[in-house]
Number of protein chains: 2
Amino acid sequence: MASDLDSTDRKILREVVRDARISQMALAEKVGLSPTACTRRLTALEKKGVIKGYAAEIDASELGYMMTVHVHITLDKQSEDALSAFEREIAKCPDVVSCYLMSGNDDYLVHVQARDMEDYERIHKQHLSRMPGVARLHSSFAMRSVVKRGVSVSALTG
Amino acid sequence: MASDLDSTDRKILREVVRDARISQMALAEKVGLSPTACTRRLTALEKKGVIKGYAAEIDASELGYMMTVHVHITLDKQSEDALSAFEREIAKCPDVVSCYLMSGNDDYLVHVQARDMEDYERIHKQHLSRMPGVARLHSSFAMRSVVKRGVSVSALTG
DNA sequence: TATGAAAGGCCGTGAAC
DNA sequence: GTTCACGGCCTTTCATA
């Protein structure tokens, strides 16, 4: 479903990715359109689903969440039901930032945020290890975030 | 630097995470404040750095980017200079969404977006394998995204 | 089917309390 | 934290290519 966007649409996308709260008039001027035309394009991008929404970016460390952990999770079964049951539960875990089903051994890569090591121990024991069908958990701790974007630059410039 | 936020501040954060383009008046009503007081709090959260910015969420698959790859990268040296050189280059790579320095063997976990397998082959050859100091590359392909948030729910409710 | 221009209502902003 | 008032933005309508 690769929508056919022209360079103006992509320019609009780059601007709202940079600043979602930009005013319609400022956006219109940046992309070289009248406010009316610009707003119409923006609305179209929202309706098409290219723009899924607008979110404030929060500094988790400012809220006391100092730890980023990547957890590789292997299930003991790989049946549809087992995957579904696990995914239903992991989606409910409030400490999870992202979760991907990975190819290969059908395991999951789960990104977790925690206040500190003690907090992560609690999350590990009370949530992660109790997820349905979990066979193995391997935690990798991030020491530093080097790059963090919502979407790749290529996707917006290509 | 864990800021001391009250329940109103957290309510504001939850709302702007859900919809960054919410109007000041609508936000004020949702949190039970007058528009002026609400805007003052929001501005304070921005100045404190709790809110880093506002970004549109883009559906990469709508732009033709169908692949999500997690790449484990090990360097041949772990000196300060080697890490810095690598990080400078990886930050320039337009296909990278995120990159973390991981504890343990001082390797990196890099999240990459690509159009398709051919595109990823190009990224792998032309960008990733040519990064300074790279010893080993291990690619893991995501089959499905199960959870995707900008920040954990706990950080906003805690 | 796309844009551009103008008018009116609503919102965002600041002063005073 | 609230009220009030003013300036400006957002939206709609309509005309155009």
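By convention in this document, chain letters (A, B, ...) are assigned in the order of the sequence lines, proteins followed by strands, and residues within each chain are numbered from 1.
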Going by chain and number, the hydrophobic cluster around B:Val153 (ILVMFWY, side chain to side chain under 4.5 Å) further includes none
Of the candidates C:dT13, D:dT11, C:dG4, the side chain of A:Thr39 sits closest to D:dT11
For B:Arg40 and D:dT2, is the shortest distance between a side-chain N/O and OP1 or OP2 below 4.0 Å? no
For a quick test of your reading: what N or O donor-acceptor pairs under 3.5 Å do the side chains of residues 88-101 of chain A make, sequence neighbours left out?
| unit_1 | atom_1 | unit_2 | atom_2 | d |
| --- | --- | --- | --- | --- |
| A:Glu89 | OE2 | A:Lys92 | NZ | 3.2 |
| A:Asp95 | OD1 | B:Ser154 | OG | 2.7 |

Closest heavy-atom pair, A:Met117 versus A:Met67, reported as atoms and distance to 0.1 Å, is N-SD, 3.3 Å
d([atom1], [X]; [atom2], [N]) in whole Å:
X       : N      : atom1 : atom2 : result
B:Glu29 : C:dC11 : CD    : P     : 10 Å
A:Leu42 : C:dT3  : CG    : C1'   : 16 Å
B:Arg41 : D:dG1  : CZ    : C1'   : 9 Å

Practice task
Flag yes if A:Leu109 and A:Leu75 sit in one hydrophobic cluster, no otherwise; membership is Ile, Leu, Val, Met, Phe, Trp, Tyr, and two members link when side-chain heavy atoms are under 4.5 Å apart.
Solution key: no
Ordered by number, residues from residues 16-28 of chain B within less than 4.0 Å of DNA chain C (heavy atoms) are B:Ser23, B:Gln24, B:Met25
- Task: Taking only Lys NZ, Arg NE, NH1 and NH2, and the carboxylate oxygens of Asp or Glu, determine whether B:Glu57 and B:Lys148 approach each other closer than 4.0 Å.
- Result: no
For the residue pair A:Phe141 and A:Tyr120, does the interplanar ring angle fall in the parallel (under 30°), tilted (30 to 60°) or perpendicular (over 60°) class? perpendicular
Q: Answer yes or no: side-chain N or O of A:Thr36 and base N or O of D:dT11 forming a donor-acceptor pair under 3.5 Å.
A: no
